[in-house]
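Some notes on the structure that comes next.
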Amino acid sequence: MHKPRMHLLASFDIAHLQYLDEAGRATQELPDFATPDTLLAFYRQMSLARLVDDRAVKLQRTGQLGTYPSSLGQEAIGVGTGSALEKSDVYCPYYRESGALLERGVKIEEILAIWGGDERGQDFRHAREDLPLCVPIATQLLHAAGVAFALKYKREQLDEPPRVAVASAGDGATSKGDFHEALNLIGVWKLPAVFVINNNQWAISVPRSAQSASKTIAQKAIAAGIPGLQVDGNDVIAVRSAVADAIERARNGEGPTLIEATSYRLCDHTTADDASRYQPEEEVREAWKREPLIRLGRYLRNEGLWSDEQEGELQRELAEVMEKALRAYSERAKDKPTAMFDHLYARLPEAFLEQYDQLAGEQ
Amino acid sequence: MHKPRMHLLASFDIAHLQYLDEAGRATQELPDFATPDTLLAFYRQMSLARLVDDRAVKLQRTGQLGTYPSSLGQEAIGVGTGSALEKSDVYCPYYRESGALLERGVKIEEILAIWGGDERGQDFRHAREDLPLCVPIATQLLHAAGVAFALKYKREQLDEPPRVAVASAGDGATSKGDFHEALNLIGVWKLPAVFVINNNQWAISVPRSAQSASKTIAQKAIAAGIPGLQVDGNDVIAVRSAVADAIERARNGEGPTLIEATSYRLCDHTTADDASRYQPEEEVREAWKREPLIRLGRYLRNEGLWSDEQEGELQRELAEVMEKALRAYSERAKDKPTAMFDHLYARLPEAFLEQYDQLAGEQ
Amino acid sequence: MAQITLLEAVTQALAHELGADPRVVVFGQDVGVNGGVFRATEGLQKTFGPERVLDTPLAETMIAGIAVGMATQGLRPVAEFQFMGFIYPGLDHILNHAARYRNRTRGRLSCPIVYRAPFGGGIHAPEHHSESTEAIFAHIPGLRVVVPSSPARAYGLLLAAIRDPDPVIFLEPKRIYRAAKQEVPDNGEALPLDRCFVLREGTDITLISWGASLKETLEAAEQLAEEGIEAEVIDPATLKPLDIHTVIDSLEKTGRCVVVHEAARFGGLGAEIAAQIGEYAFDLLKAPVQRVTGYDTVMPYYQLENNYLPDTEQVLTAARATMDYPGEGAK
Amino acid sequence: MAQITLLEAVTQALAHELGADPRVVVFGQDVGVNGGVFRATEGLQKTFGPERVLDTPLAETMIAGIAVGMATQGLRPVAEFQFMGFIYPGLDHILNHAARYRNRTRGRLSCPIVYRAPFGGGIHAPEHHSESTEAIFAHIPGLRVVVPSSPARAYGLLLAAIRDPDPVIFLEPKRIYRAAKQEVPDNGEALPLDRCFVLREGTDITLISWGASLKETLEAAEQLAEEGIEAEVIDPATLKPLDIHTVIDSLEKTGRCVVVHEAARFGGLGAEIAAQIGEYAFDLLKAPVQRVTGYDTVMPYYQLENNYLPDTEQVLTAARATMDYPGEGAK
Ligand SMILES: Cc1ncc(C[n+]2csc(CCOP(=O)(O)OP(=O)(O)O)c2C)c(N)n1
Ligand SMILES: Cc1ncc(C[n+]2csc(CCOP(=O)(O)OP(=O)(O)O)c2C)c(N)n1
Ligand SMILES: [Mg+2]
Ligand SMILES: [Mg+2]
């Protein structure tokens, strides 16, 4: 049988971005934003995220917190992303997000409250327009598309300043229809949206290789006709650079971007999980060598920007911050039961007053 | 600001296949299957599909049929696809499918019954394992993925011969999550499935350009890590060639393929639609120049394989076939009302016997 | 003033709110250039521009989901599902998000969305185009489910729905889209949500229905009047939250009730109404609450749809049996 | 014989059918290597291989949809949704396809699928992990909805569900996954679908519940017995089609009834049961059918979930009020 002659219609490239390698060596000239101050701030925020996760897991172990999803090993993604947004931008997080939430000004005790089974945690004191943490996988990407539409609409129709919607999701989330529908919409409506995928190689026990035959997640952008790229998600400079560039383009009306940030989940999926059942030990050991905090620390030390002493001081400072937050969390009075009706509708319909009274009466 | 240096991770090409150009001239050596007999059979089946559509629309206009979706101008896709399957393969159609259904041995009166509001039309006398026509957009693609799994499973676990699931959908359907989830699954599970997209440029009134920013639909395969290509969907030889090749690879265990067949909807979306409200006249006029039947006819005439006389004879023969089918359709007795319960469950649960009796009593 | 259909009343309400409130955006499949497959959005894109009246790609999960995002940022999205049979891919976003956003964020963000969909059978449409699954939505905490059944109520209730600070599922009975005309002044006056409409006063029996079935229900009431039975006919209009008080008030007079709906019986809203009547009006009841409903079968292809849909005769039979109760077979 | 939990009974049934029928395949998120997040599929992949026990990508529409395709070609898919709160993206395929394939093709193709999902609250899980929306599924024509509430019923009903020629939504009450143990012989004997189980005989009042709430309901029955009230406790087990005869038979004795469920009240299955009792047992009823249910609110985050869930005290209060009816305030 002879082979049909076909003509080339289109070609696509997917590229990878890295600034710091595993040993903390710069692989290319660092971007302008990477001043010592910024890098030290990254280091602090990643350290804080790690501490929050660590304490949260401990709280869960002692029955003071519900199921908790740590972001151990993926702090560069949250911090790199969160730090790239303007305050007025809108962040649309998934649930594995300590780093980004801290960047957005969400309070540690709010994060704890959420996982402690208290809706009031989602009533962020700051970041009032950010979306709440989102549990149903990938749904936040469609909300982010809607947010991006609203921001574009308000700019064009209501003369408001340009703002961008930034959403995050996991690698598993990219298998879901919501991901595709959202990506396709932000593409065809050219919305000011940036999607950052935390590719931590696992969706609970399902490895990346069992999620999709696609070589990269970045290439899924091609289906939507938008730019996609992969960054080293353990390199906070690369994450910040890629996200900031994408945000800038979105803000300038140049459309959306999909960013795959590769990392590794160095912890259980949540405190309800036991990753040793499925993560190969060897793979985990290798992944520890690439983790983001040590990497940035090495760079800083090589550059003479960081020392054991500073590390000690930082840890003491963060421990205090954490202590205060833990106190705020544990001192929080339990919400009143009728709260479940208070925010159900703007005004409770008459039809439910009887139930409201029953609930109130039972306390 | 300096531009980050990125390294290339992956490259992808999307190609286009054509054998006959608009004027019916071969643009390359035809494939082996394209014998005079086969091409004449294509011509006959495309003519029949066109006739069925034409008569169905007329039936609707005179109140003898419900809403009907013609495939005018897209006959090459149905016939090219349908003729590429083995009898034992499983076809998973959407609703705009006269050509393919006829190839599968579905009877004209069955097609009419379906659109005449009678479920019995879906109880195909032949093609007993093919899926019924599917109205909810893109859902059949997930069913096809399940069918492909079953065929692979039965081959591997139950020692049955290799079979392939072939599904069709429209361009609009590719925006739906089902498309993405199905494509991703057949990719990662390497299922024997072929998806053929009838890109007729419109989803009711929404043009292809408003569905997606992707340059081609074929490139959506890249997201799933599977081969994707575009064929000239007005060239029945190209369609048949591409689908047959993909089926062969699937049958050999080499995995799935996405095929975009470009065409144009030369009719209303359905009889309930008025395409003149949104299709630009000029565009329609241009599209008529590329339609598949005239194109193949020109080729056949150029090759001395077809004449006015033969055309007249064919039309007479098809008119008779159609006449017979119309009689069979109109003579069909109305289904009995209780049929709505007879096939609700394998055996009607006691709980519904009272309703059954009520319904039976009302007749 | 010209008389308009229920369908035109929908268009009129959408146009009014698009004109009155710059936060309102209308979107869905074919709602723009084509004006919707039923023409409910006819002319809106022309008047208000393609930035405010948008054709979406073909993806219902997306339609439901982006409305949530838009609403959280202060817009007033009005999203159309082309038919109720295609709304289900959007359910996740409606149930898990739109209905919960206010509660989850303790009031920080909310979802003033209207999800519109034509529903019900009787127009000889293809499969999946004739569904009535309002009970699914009415079971979801945090939602409102509204069904207009006249041009005036379509206009007034749609205005109210768009202005309501919480999500509303607005189901339009397509069988009566063009059935009757009424003068409906375009005065921007909303009708109250969460309130039943008493369409006909009566003292002998209470008939409750909504959407297209009200046609048969009102016909039955006329017929009953000729037989000397005065039926009170109630259109709940807002199915959730349900104004049971108006129903109970009616039962105080009549002590007898028939609920009529197209949807399948089992788990339909007739059950909830009957249950609440049982709870609140046990001692008033002179006969069991009867349900006249679609069968517990899949909505058939159109050849049999009239066999499926409740007809006037069935309403009459149930009403007469209810009036006669306990009847001759009583112990 | 060792005693096993409800969860282990599920595993035992799956293993039995995988062993007995080569057409059975089990799939879902994390059901393979990890044995399911609750360990319901523990060990199955090891025993039956990754071709028959499969981890899927993360996509619920897909899980629901491929089951349809598989079933039409003669397989017996058993699909797991990780939590009921994540089932909704699959609803379209369940409602529009699985439930209709037999009917649509007039019996040519059918969907012998089991869709499993853990449901209900009370385990301090995160948002969306504690839902009870069985009423949504029970409203869908063509489906079966089955809820086991003991290890033996989990085993016997799951076998029956897998063998049933039609689609079954099999909802596992996760709060009692490990609550009680029972000897459950692995004898491959199914229990009947479409039949209520009378868990306790009584003559004074009928208590109906399913899933985890049966715990509180049975506790209430014990307590009532101490007060001299003999409650009959019925577990419908198959919520749809509902075996109302067993309920009516019980009402013949008791004339009084309380329905208990976790799900929100409005449009919950308690309504359907109350409505059918009203229809079939009007003259037997000595008191209104009471519903003890979750509130018509969003299932709260776990701090308040116990305030949401019906407790034994509420069942007792309703039962006593029903016994006392019309009580002192009667006219
Ligand atoms: C729709 C939906 N299905 C299932 C779940 C249960 N679940 C929670 S997290 C998770 C895996 C997510 O993996 P990924 O997207 O890679 O994010 P990661 O947790 O690895 O950061 C699953 C299946 C869910 N939350 N939502
Ligand atoms: C889920 C769903 N949404 C909406 C519809 C209504 N509808 C029927 S056909 C159609 C357009 C489909 O366009 P396309 O996929 O391009 O196929 P074509 O009709 O052009 O062949 C729409 C929106 C539907 N059938 N299913
Ligand atoms: Mg992951
Ligand atoms: Mg099309």
Side-chain angles (χ1 to χ4, degrees), chain C residues 60-61 85-89 91-96 99-100 103-104 127-128 131 133 135-136 138-142 240-242 263-283 285 287-291 294-301 325-326 330-331, chain D residues 60-61 85-89 91-96 99-100 103-104 127-128 131 133 135-136 138-142 240-242 263-283 285 287-291 294-301 325-326 330-331:
Chain C
E60 281 79 8
T61 311
F86 308 131
I87 203 174
Y88 310 114
L91 186 73
D92 186 35
H93 285 271
I94 296 172
L95 185 158
N96 273 335
R100 297 185 182 202
N103 185 61
R104 169 189 302 151
E127 191 177 10
H128 301 292
E131 328 299 305
T133 49
I136 290 179
H139 185 49
I140 301 172
K240 173 170 189 166
L242 180 70
R265 173 169 319 180
F266 193 90
L269 268 177
E272 179 62 36
I273 294 171
Q276 290 203 29
I277 292 174
E279 286 157 8
Y280 294 112
F282 187 75
D283 296 322
L285 273 182
V289 177
Q290 294 275 330
R291 293 183 279 170
Y295 293 103
D296 283 317
T297 62
V298 174
M299 179 79 194
Y301 284 19
Y325 192 87
K331 7 174 198 178
Chain D
E60 281 79 8
T61 310
F86 308 132
I87 203 174
Y88 310 113
L91 185 74
D92 185 34
H93 285 270
I94 296 172
L95 186 158
N96 272 336
R100 298 184 182 203
N103 186 61
R104 169 190 301 151
E127 190 178 10
H128 301 292
E131 329 298 305
T133 49
I136 289 179
H139 185 49
I140 301 173
K240 174 172 188 165
L242 180 70
R265 174 169 318 181
F266 193 89
L269 267 177
E272 179 62 36
I273 293 172
Q276 290 203 29
I277 291 174
E279 284 157 9
Y280 293 112
F282 187 74
D283 296 322
L285 273 181
V289 178
Q290 295 273 331
R291 292 184 280 170
Y295 293 102
D296 284 317
T297 62
V298 174
M299 179 79 195
Y301 283 20
Y325 192 85
K331 5 175 200 175

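Every chain is numbered from 1 and lettered A, B, ... according to where its sequence line falls, protein lines coming before strand lines. All values below were derived from every heavy atom in this structure, side-chain atoms included, with hydrogens, water molecules and symmetry-related copies excluded.
- Heavy-atom pairs under 4.5 Å with chain D were tallied for C:Val289, C:Leu95, C:Asn103; the largest tally goes to C:Leu95.
- Across D:Arg291 and D:Ala271, no two heavy atoms sit closer than the pair NH1-CB, 3.6 Å.
- Contacts with chain C were tallied for D:Met299, D:Glu131, D:Glu272; D:Glu272 has the most, counting heavy-atom pairs under 4.5 Å.
- The part of C:Glu127 that comes within reach of chain D is its side chain, from C-beta onward, which places non-hydrogen atoms under 4.5 angstrom from that chain.
- Closest of all the heavy-atom pairs between C:Ala264 and D:His139 is O-CE1, 3.2 Å.
- Among the candidates D:Ile87, D:Ile136, D:Asp296, the residue making the largest number of heavy-atom pairs closer than 4.5 Å to chain C is D:Ile136.
- Proximity to chain D is limited to the side chain of C:Leu269, based on heavy atoms less than 4.5 angstrom apart.
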Does the side chain to side chain contact (heavy atoms under 4.5 Å, CB included) test come out yes or no for D:Asp92 and D:Thr61, once each step is laid out? CA-CA 8 Å; D:Asp92 185 34; D:Thr61 310; 5.8 Å; no

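- Looking at C:Leu285, both its backbone and its side chain come within 4.5 Å of chain D, counting heavy atoms on both sides.
- The candidate with the highest count of non-hydrogen atom pairs below 4.5 Å against chain C, out of D:Phe86, D:Phe266, D:Tyr325, D:Tyr301, is D:Phe266.
- With chain C as partner, the option from D:Pro89, D:Pro141, D:Ala275 having the largest number of non-hydrogen pairs under 4.5 angstrom is D:Pro141.
- Across all non-hydrogen atoms, the minimal contact from C:Ala135 to C:Gly267 is CB-O, 3.4 Å.
- A distance of 4.0 Å separates CZ of D:Arg104 from NE2 of C:His128, quoted to the nearest 0.5 Å.
- At a 4.5 Å heavy-atom cutoff, the contact between C:Thr297 and chain D is made by backbone atoms alone.
- Most heavy-atom pairs under 4.5 Å with chain C, from the set D:Gly268, D:Ala274, D:Ala281: that is D:Gly268.
- Each of D:Ala138, D:Gly278, D:Gly142 has some count of heavy-atom pairs under 4.5 Å with chain C, and the biggest count is that of D:Ala138.
- Both the backbone and the side chain of C:Asn96 come within less than 4.5 Å of a heavy atom of chain D.
- Using a 4.5 Å cut-off between heavy atoms, C:Val298 contacts chain D through both its backbone and its side chain.
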